[in-house]
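Following: one structure in structure tokens, then a few remarks.
Sequence positions, counted from 1, serve as the residue numbers for this chain. If you're wondering where the values come from, they're calculated on a predicted model, not measured in any experiment.
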Amino acid sequence: MAAGLVAPPLVVMIRLCLTAGCSLCFVALAQSFSHYNVIAQKLGVNLASARDQGQLLFLEGLRSYTQLLFTDTPETEADNPLRFLRTGSDLRPLYDFITAALMPSGGERGKCPVLIIDDVSLLLSLGVTTLQVLDFIHYCRASVCSKYQGNVVCLLQGFEESEDADNERLLKSLCHQSTLLLQVEGLVTGFCKDVHGELTITRRSQVRDKPVIYQYKIHDKTVSFFARGLSAAVL
């Protein structure tokens with residue numbers, strides 16, 4: 001499982017998954033489908049086409065929230081993967097939605113299935129407890145990673161000296177469970193037109209963690225990564 005704190009290169013990850021032919025389930029709690037699709041098109045990826053072809057299953061959390069708030073039809077609520085927000089139960093409806101989306105068809109194992117959740121910490125803001133979120137992620141890992149031999153990618157917002165104890169507990173727990181950590185943050189020195197931020201990649205191992213730091217710049221249609229001090233402006 002991989003966990004990220006903040007993720008401007010998120011769409012780059014989506015592009016790599018779709019290009020590799022992975023079956024992708026994207027649970028988008030932070031933004032709408034059109035938001036991700038506009039950015040992806042700049043990188044040469046058409047999310048609408050991938051969704052129509054069945055390679056991408058996109059859960060638009062914002063639309064699901066709205067349906068729960070403004071629709072009282074029992075049939076609509078019964079099919080909503082986020083209906084636990086109204087009933088106060090566990091996250092089983094969302095888990096069932098994910099496993100059904102990534103289950104190999106006809107019993108055949110396809111290419112590596114991938115689950116991306118953006119942003120896990122928003123579940124806390126919606127009233128879900130930290131323990132419920134951790135249980136949910138545990139069962140997702142058991143199905144997607146162990147049973148389907150795939151990967152789970154969780155995005156979280158993390159801030160230094162945060163006073164949100166629940167978010168910090170969730171962040172530390174998921175980081176401890178992950179095999180790969182991607183931490184994206186702005187430059188501590190402030191704004192720079194040639195370098196937009198830093199990406200720290202940490203591969204967890206039994207011996208010791210091995211962080212590698214890259215800097216990045218976001219262009220109109222791509223993202224470039226380079227070692228510290230090796231941006232085009234410096235060279």
Side-chain angles (χ1 to χ4, degrees), residues 1-5 7 10 13-14 17 22-37 47 50-51 54-105 110 112-158 164 166-167 169-171 173-175 177-178:
M1 185 177 75
L5 305 187
L10 169 62
M13 185 183 303
I14 297 174
C17 293
C22 299
S23 176
L24 177 60
C25 178
F26 190 178
V27 178
L29 303 176
Q31 299 289 347
S32 65
F33 176 81
S34 59
H35 170 85
Y36 297 104
N37 193 38
L47 296 186
R51 183 179 60 180
Q55 185 181 4
L56 167 66
L57 185 60
F58 190 95
L59 173 60
E60 191 165 351
L62 296 177
R63 177 174 296 179
S64 297
Y65 304 154
T66 304
Q67 291 177 345
L68 285 174
L69 290 174
F70 301 105
T71 304
D72 294 329
T73 306
E75 293 79 6
T76 302
E77 182 174 333
D79 296 332
N80 194 320
L82 302 185
R83 61 183 179 273
F84 58 86
L85 296 176
R86 173 174 289 183
T87 61
S89 60
D90 56 27
L91 283 70
R92 182 61 183 264
L94 181 56
Y95 167 78
D96 291 340
F97 173 86
I98 291 170
T99 53
L102 296 178
M103 181 181 298
S105 59
C112 176
V114 178
L115 167 63
I116 297 180
I117 307 176
D118 179 21
D119 170 339
V120 176
S121 55
L122 286 179
L123 291 172
L124 300 178
S125 302
L126 294 171
V128 182
T129 67
T130 304
L131 181 59
Q132 286 177 319
V133 176
L134 291 175
D135 285 344
F136 165 69
I137 297 298
H138 169 76
Y139 283 106
C140 286
R141 291 180 61 203
S143 294
V144 179
C145 299
S146 301
K147 185 176 180 180
Y148 300 157
Q149 298 298 303
N151 291 290
V152 175
V153 180
C154 298
L155 285 89
L156 297 90
Q157 298 286 338
D164 191 337
D166 289 335
N167 190 73
R169 190 178 302 111
L170 176 62
L171 177 60
S173 298
L174 292 183
C175 287
Q177 298 175 29
S178 301

Using side-chain heavy atoms (C-beta onward) and a distance below 4.5 Å, is Gln177 in contact with Leu134?
yes
In Å, rounded to the nearest 0.5 Å, how long is the span from CD1 of Ile116 to CG of Leu155?
7.5 Å
For Cys140, does its backbone N or O pair with a side-chain atom of Ser143 as donor and acceptor, under 3.5 Å?
no
What are the two closest non-hydrogen atoms of Pro81 and Pro93, and how far apart are they?
O-CB, 3.5 Å
Do Tyr148 and Ser23 get their side chains close enough for a donor-acceptor pair, meaning under 3.5 Å?
no
Reported CZ-to-CG distance for the pair Phe136 and Leu94, which is rounded to 0.5 angstrom:
4.0 Å
Closest non-hydrogen atom pair, Ala30 against Leu122:
CA-CD1, 3.6 Å
Indicate yes or no for a side-chain donor-acceptor contact from Glu60 to the backbone of Ala28 under 3.5 Å, with no hydrogens or angles considered.
no
Working for side chain to side chain contact (heavy atoms under 4.5 Å, CB included), residues Val114 and Leu24
CA-CA 5 Å; Val114 178; Leu24 177 60; 3.9 Å; yes
Rounding to 0.5 Å, atoms CG (Leu56) and CG (Asn37) come to a distance of 9.5 Å
How close do Gln149 and Cys112 get, heavy atom to heavy atom, and via which atoms?
O-SG, 4.0 Å
Can you name the nearest heavy-atom pair linking Ser32 to Leu62, along with the distance?
N-CD1, 3.7 Å
Drop me the distance from Gln157's CD to Asp164's CG, to the nearest 0.5 angstrom.
12.0 Å
Where is the tightest heavy-atom contact between Leu29 and Asp119, given as atom of each residue plus distance?
CD1-O, 3.7 Å
For Leu57 and Phe97: C-alpha separation, side-chain torsions, deciding distance, then whether side chain to side chain contact (heavy atoms under 4.5 Å, CB included) applies.
CA-CA 10 Å; Leu57 185 60; Phe97 173 86; 3.8 Å; yes
Assess the residue pair Thr99 and Tyr139 against the criterion (side chain to side chain contact (heavy atoms under 4.5 Å, CB included)); give the C-alpha distance rounded to whole Å, side-chain angles, the decisive distance to 0.1 Å, and a yes or no.
CA-CA 10 Å; Thr99 53; Tyr139 283 106; over 6 Å; no
Within this structure, what is the OG-CG distance for the pair Ser121 and Leu170, rounded to the nearest 0.5 Å?
7.0 Å
Looking only at heavy atoms, what is the nearest atom pair of Arg169 and Asp166, with distance?
NH1-OD1, 2.9 Å
How about OH on Tyr65, more than 12 heavy atoms from neighbouring residues, nucleotides or ligands closer than 6.0 Å, or not?
yes
Side chain to side chain contact (heavy atoms under 4.5 Å, CB included) evaluation trace for Gln132 with Leu91
CA-CA 7 Å; Gln132 286 177 319; Leu91 283 70; 4.1 Å; yes
Any side-chain heavy-atom pair from Arg51 and Phe33 closer than 4.5 angstrom?
yes
Value rounded to 0.5 Å, distance of NE2 in His138 from OG in Ser173
13.5 Å
Out of Asp118, Val120, Ile98, Leu82, which one pairs with Val27 under the side chain to side chain contact (heavy atoms under 4.5 Å, CB included) rule?
Ile98
